[in-house]
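Here the structure comes first, spelled out in structure tokens, and everything after it is commentary.
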Number of protein chains: 2
Amino acid sequence: MRISTRGEYGVRAMFDLAVHYGQGPIALKVIAERQAISEHYLEQLMGNLRKAGLVSSVRGAQGGYQLASAPEKIPVGDIIRTLEGPIAPMDCVEEDASAGCRQFERCATRVLWERLRDSMEQVLDTTTLETLIEEGMRLRAKDDSFMYHI
Amino acid sequence: MRISTRGEYGVRAMFDLAVHYGQGPIALKVIAERQAISEHYLEQLMGNLRKAGLVSSVRGAQGGYQLASAPEKIPVGDIIRTLEGPIAPMDCVEEDASAGCRQFERCATRVLWERLRDSMEQVLDTTTLETLIEEGMRLRAKDDSFMYHI
DNA sequence: CCAATCCCGAGTAAGTTGCTAGGAATTAAT
DNA sequence: ATTAATTCCTAGCAACTTACTCGGGATTGG
């Protein structure tokens, strides 16, 4: 039941872009350094996020990445779905649901996995990048050594 | 963010034992057949569940496994923790928390993972095997072809 | 032009998953 | 006492996933 580094790094990188939202494109190299993530690896993740329409990129010198929309418009769930696949503890309760389980509506444990999925989605879809920034500020207020990276 | 077959099979097997609670030990072979799970593989899972004190076993002919306590005393969370490890979307928010993240209290995204963990635990710890049986009965009422296995 | 930067596909070592194989120990039934 | 049924234990393994690295091509500001 772990999120892999794809989701973790993705959220961290997007949070970084959110903190610097409106300041023009930010080079991959900068994000990777600030967040202590392998540059080449992050590149792949950013490629996926771009294809999913969550970030836009500017090529060439002085280029980089920026959020495709404002931080309050980007739920963490969108990032996770892009990099980790559907949010579901089990294949049989994916949203499109087509996959597999022949017992379908009649399975007793299925109800459990549906509830688990719903509670996970509730958290991830109601938390936006803006939410994370606000909460980061609150942490910062309590502790001045607060850091945005890691 | 998937639960592996360990957790899935474990819950199914425990549900099976719950349905037959109070009827004496049930042979692994029977559970495995009813739930369509590889016998040898399930054996390993049952070994873990026994060591964790969730089931008791009777060796020798006519032996088998039974729940160590009543279905309403066994939350699904206990089964999952035994077979899948701590319920936490990220290492840094495991309950004992010792592991790793040096930024600890100051990390903005950490709050997110904590909330996700809490919502997952809430579902898994408030759902017991008895809950699953009750919900199974409700499904059965609607659809007479309801099956306990799978 | 050229340096910075994004874009893309291939390769890969280490770890995880979902089993299988084989046999030792225990016990009820005969 | 023997046998058959059953749990217990360890080892092995093929396929898959993860978390990268490598090498180069395409694009663009200065």
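Residue numbers begin at 1 in each chain, while the letters A, B, ... track the order of the sequences. Side chains are part of it too, since the values below use all heavy atoms of this structure and drop only hydrogens, waters and symmetry mates.
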Phosphate OP1/OP2 of [N] contacted by [X] side-chain N/O (<4.0 Å):
| X | N | result |
| --- | --- | --- |
| B:Arg50 | D:dT7 | no |
| B:Ser57 | D:dT7 | no |
| B:Tyr65 | D:dT6 | no |
| A:Ser4 | D:dT18 | no |

Side-chain donor or acceptor of B:Arg59 under 3.5 Å from a matching atom on the base of D:dT7?
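It does, because a donor-acceptor pair links the side chain of B:Arg59 to the base of D:dT7 below 3.5 Å.
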When only distance counts, do a donor and an acceptor, one from the side chain of A:Glu43 and one from the base of C:dC6, lie under 3.5 Å apart?
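Under the 3.5 Å cut-off, the side chain and the base do not form any donor-acceptor pair.
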Here's a test of your reading of the structure: between A:Gln62 and A:Gln44, which maps to the more 5' nucleotide of DNA chain C?
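In this pair, the answer is A:Gln62.
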For B:Gly60 and for B:Glu84, find the nucleotide of DNA chain C with the closest heavy atom, then tell me which residue's nucleotide is more 5'.
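With B:Gly60 and B:Glu84 compared, the 5'-side residue is B:Glu84.
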Describe the nucleic acid contact of A:Gly63 in one word from base, sugar-phosphate, nothing, applying a heavy-atom distance below 4.0 Å.
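Sugar-phosphate: the residue A:Gly63, judged by heavy atoms under 4.0 Å, touches backbone atoms but no base.
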Rounded off to whole Å, could you give me the [atom1]-to-[atom2] distance for the [X] and [N] pair?
| X | N | atom1 | atom2 | result |
| --- | --- | --- | --- | --- |
| A:Leu45 | C:dG9 | CG | C1' | 16 Å |
| A:His40 | C:dA10 | NE2 | P | 16 Å |
| B:Tyr41 | C:dA21 | OH | P | 16 Å |
| A:Glu39 | D:dT21 | CD | C1' | 12 Å |
| B:Leu28 | D:dC8 | CG | C1' | 11 Å |
| B:Asn48 | D:dT7 | CG | P | 15 Å |
| A:Leu49 | C:dC7 | CG | P | 12 Å |
| B:Tyr9 | C:dT20 | OH | C1' | 14 Å |

Charged N to carboxylate O below 4.0 Å: is that the case for [X] and [Y]?
| X | Y | answer |
| --- | --- | --- |
| A:Lys29 | A:Glu43 | no |
| B:Arg115 | A:Glu135 | yes |
| A:Arg81 | A:Glu121 | yes |

Nearest listed nucleotide, side chain of B:Lys51, among D:dT7, D:dC9, C:dA3
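Nucleotide nearest to B:Lys51's side chain: D:dC9.
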Check: B:Glu33 and B:Leu28 side chains under 4.5 Å, non-hydrogen atoms:
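No, every pair of side-chain atoms sits at 4.5 Å or beyond.
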Could you report the tightest heavy-atom contact between B:Leu17 and B:Val55, atom names first, then the distance?
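B:Leu17 and B:Val55 have their closest heavy atoms at CD1-CG1, 3.9 Å.
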